[in-house]
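What follows is one structure encoded as structure tokens, with my remarks underneath.
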Amino acid sequence: MSFTADDHRYMARALQLARRGLYTTQPNPRVGCVIVRDGQIVGEGWHERAGEPHAEIHALRMAGEAARGADVYVTLEPCSHFGRTPPCANALVQAGVARVVAAMVDPNPLVAGNGLRVLQQAGIVTASGLLESDARALNPGFISRMERNRPYIRLKMAMSLDGRTAMESGESVWITGEAARRDVQFLRAQAGAILTGIGTVLADDPSLNVRLTAAELGISGEVYQPVRVVLDSSLQFPLTAKMLDIPGTTRIYTCSTDVQKITQLEQAGVIVRRFAGNKLQLPEVMAALVDDGITEVHVEAGATLCGVLVEQGFADELVIYLAPHLMGSSARALFNLPHIARMHERIALDIRDIRAVGQDWRLIAVLKQEVTH
């Protein structure tokens, strides 16, 4: 189906609205909606927080009676099932809209074209696929969960110009400058969880929280704190860890059967999830994250965990901050990838973006193909 220049303009506006939910909708998708009648926008809305009305409802409330006979532009197919809120497809039918254009079909099996069919059966003209790639880019976690049944995994790393992350002693504080560290806070804020390994907890005692205010994020209400998830097979997590004293939820995934330590952690407010075996397996971790309602994961971890995530094909996106200094050949490397011994075993990356952030450079890359090690 061909779309007009006006169609593109209104959908671009809907996408702009959807981005306002970047830091607030977890684990729901970010969705925007625009209602147009006689060439004028009469209603706008976006999904603001999980459990609250969807974008279409906000736009319909703004439009009122002007929605009858109007065109609707929405970045994700209107839902057709009862969840925490009623179906948006039914609300559009009741409002008497004439046409609905969706940027993409909902990958949720509970919807997956049913929303558009509900509209079609009511005599409403429908279309989809307009600016679809832009709409998909807004919701990598939601789409990953629905299409692959696992979260979207983003690895954040910082290194020197010679590819080092810490001195041989382990010293690694402030590799990058203040601007880069602030930039990381925005990445944290859009994730459902911040994941790390017990090695990082023991070495650095990180907080792994969002330190930006609502005003800095451009949102109203409280700042959402992502869940902190620590992979800790043998349950070495210290009861004195800094993250136990700050707002937010901490989860530990472990294989330990130490009932006393588990009880102590739970009394400190930690949610402990136990797995069978002696060592955590990443496929089981991914399934558990989805089960815990987490779809978009921000990883801040060491070379070993990051290397395994890459080797096993779970690293969807790499965000690497490159600092303009040299740390020497004895310093620690960015990844631990011991299985790569020959040139043909190299892992190819596709560079999506590179830009200056203060004194540093931020590089965003994705794996070109699934890793087969």
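Side chains are part of it too, since the values below use all heavy atoms of this structure and drop only hydrogens, waters and symmetry mates. Counting begins at 1 with the first residue of the sequence.
- In summary, R20 and E44 do not engage in a salt bridge, as defined by a charged side-chain N under 4.0 Å from a carboxylate O.
- Judged purely by distance below 3.5 Å, without hydrogens or angles, the side chains of T24 and R49 never pair a donor atom with an acceptor atom.
- Put simply, the side chain of L244 reaches to within 4.5 Å of the side chain of F237, judged on heavy atoms.
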Quiz item: Could you walk me through whether Y10 and D71 pass the side chain to side chain contact (heavy atoms under 4.5 Å, CB included) check?
Solution: CA-CA 10 Å; Y10 295 131; D71 290 349; over 6 Å; no
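- Remark: side-chain polar atoms of N139 are paired, donor with acceptor, to backbone N or O of R30 under 3.5 angstrom.
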Practice problem: Given side chain to side chain contact (heavy atoms under 4.5 Å, CB included), test V201 with Q236 step by step and report yes or no. | Solution: CA-CA 9 Å; V201 174; Q236 302 175 66; over 6 Å; no
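- Annotation: E222, atom CD; neighbour count of heavy atoms from other residues, nucleotides and ligands within 6.0 Å does not exceed 12.
- With values rounded to the nearest 0.5 angstrom, L22 atom CG is found 7.5 Å from L138 atom CG.
- Between the side chains of R13 and Q16, at least one donor N or O lies within less than 3.5 Å of an accepting N or O.
- Side-chain contact between M104 and R136: present, with at least one pair of heavy atoms (C-beta onward) separated by less than 4.5 Å.
- In this structure, I340 is a member of the same hydrophobic cluster as I320, with clusters built from ILVMFWY side-chain heavy atoms closer than 4.5 Å.
- In plain terms, the two heavy atoms of G277 and C255 that are nearest each other are O-CB, 3.2 Å.
- Looking only at side-chain heavy atoms (C-beta outward), D6 and V36 stay at 4.5 Å or farther from each other.
- In this structure, the side chain of R188 does not engage the main chain of V210 through any donor-acceptor pair within 3.5 Å.
- In terms of modelled atom types and a separation under 3.5 Å, the side chain of R37 and the main chain of R68 share a donor-acceptor contact.
- Nearest heavy atom pair, residue P238 against residue L202, reads CD-CD2, 3.9 Å.
- Cluster membership for V290 and Y253, using ILVMFWY side-chain heavy atoms within less than 4.5 angstrom, is not shared.
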Exercise. Quick one: do E317 and I364 satisfy side chain to side chain contact (heavy atoms under 4.5 Å, CB included)? Show the steps, please.
Key: CA-CA 7 Å; E317 181 179 324; I364 298 177; 3.7 Å; yes
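- Side-chain contact between V299 and F314 is absent, with no heavy atoms from C-beta onward closer than 4.5 Å.
- Salt-bridge formation is not detected for the pair D232/K261: no Lys NZ or Arg NE/NH1/NH2 atom is positioned less than 4.0 Å from an Asp or Glu carboxylate oxygen.
- In terms of heavy-atom proximity, A70 sits nearest to I35 at CB-CG2, 3.6 Å.
- Atom CZ of R211 is separated from atom CD of Q225 by 9.5 Å, given to the nearest 0.5 angstrom.
- Judged purely by atom type and a 3.5 angstrom limit, D316 has no side-chain atom pairing as donor or acceptor with the backbone of R154.
- Under the 30°/60° scheme for interplanar angles, the aromatic rings of H47 and H54 are found to stand perpendicular.
- Heavy atoms only, all atoms of each residue included: A89 and G115 are closest at CB-O, 3.9 Å.
- Comment: D183 does not engage R355 in a salt bridge, judged by the lack of any side-chain N to carboxylate O separation of less than 4.0 angstrom.
- Between the side chain of R181 and the backbone N or O of T176, at least one donor-acceptor pair lies under 3.5 Å.
- For the atom pair L334 CG and D162 CG, the distance stands at 11.5 Å (nearest 0.5 Å).
- Follow the hydrophobic side-chain contacts under 4.5 Å out from V270 and you reach I198 in the same cluster.
- Side chain of T254 to backbone of S233: a donor-acceptor contact under 3.5 angstrom is found.
- Contact of the L322 side chain with the L161 side chain is registered, since non-hydrogen atoms from C-beta on lie closer than 4.5 Å.
- Between I175 and A158, the closest heavy-atom pair is CD1-O, 4.0 Å.
- Residue Q359 places its CD atom among 12 or fewer non-hydrogen atoms of other residues, nucleotides or ligands, all under 6.0 Å distant.
- Remark: R182 engages E216 in a salt bridge, criterion side-chain N to carboxylate O under 4.0 Å.
- With C306 as the fixed residue, the side-chain contact (heavy atoms from CB on, under 4.5 Å) test singles out one of E300, K156, M157: M157.
- Residues M146 and P109 share a closest heavy-atom pair of SD-CD, 3.9 Å.
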Practice problem: Let me see the working for R228 and T250 under side chain to side chain donor-acceptor pair (under 3.5 Å), right down to the final yes or no. | Solution: CA-CA 5 Å; R228 296 178 288 270; T250 298; 3.1 Å; yes
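- D360 places no side-chain N or O within donor-acceptor distance of the main-chain N or O of Y321, the cut-off being under 3.5 Å.
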Practice problem: For L131 and Y73, run side chain to side chain contact (heavy atoms under 4.5 Å, CB included): C-alpha distance rounded to whole Å, both residues' side-chain angles, the deciding distance at 0.1 Å, then the answer. | Solution: CA-CA 11 Å; L131 299 182; Y73 298 86; over 6 Å; no
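- In this structure, E77 contributes its side chain and A102 its backbone to no donor-acceptor pair below 3.5 Å.
- For the pair S256 and R274, the minimum side-chain heavy-atom distance is 4.5 Å or more.
- Taking CG of N114 as the start and CG of D106 as the end, the distance is 9.5 Å to the nearest 0.5 Å.
- Between the E345 side chain and the R342 main chain, a donor and an acceptor come within less than 3.5 Å of each other.
- By the rule that hydrophobic residues join a cluster once side-chain heavy atoms approach within less than 4.5 Å of another member, I294 and L231 end up as members of one cluster.
- Using a 4.5 Å heavy-atom cutoff, the side chains of I219 and E48 are not in contact.
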Exercise. For the pair R148 and S144, evaluate side chain to side chain donor-acceptor pair (under 3.5 Å) and give the outcome as yes or no after the intermediate values.
Key: CA-CA 5 Å; R148 305 185 297 178; S144 179; 2.8 Å; yes
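- Contact check for V229 versus V285: no side-chain heavy atoms found under the 4.5 Å cut-off.
- Using a 4.0 Å cut-off between charged nitrogen and carboxylate oxygen, D350 and K368 do not count as a salt-bridge pair.
- Ring geometry, H8 versus F3: the interplanar angle exceeds 60°, so the pair is classed perpendicular (tilted spans 30 to 60°).
- Screening V74, V101, V34 against M11 for a side-chain contact (heavy atoms from CB on, under 4.5 Å) leaves a single residue, V101.
- The backbone N or O of A189 lies less than 3.5 Å from a partner atom in the side chain of Q26, making a donor-acceptor pair.
- No path of Ile, Leu, Val, Met, Phe, Trp and Tyr side chains, each step under 4.5 Å between heavy atoms, connects V297 with I252, placing them in separate hydrophobic clusters.
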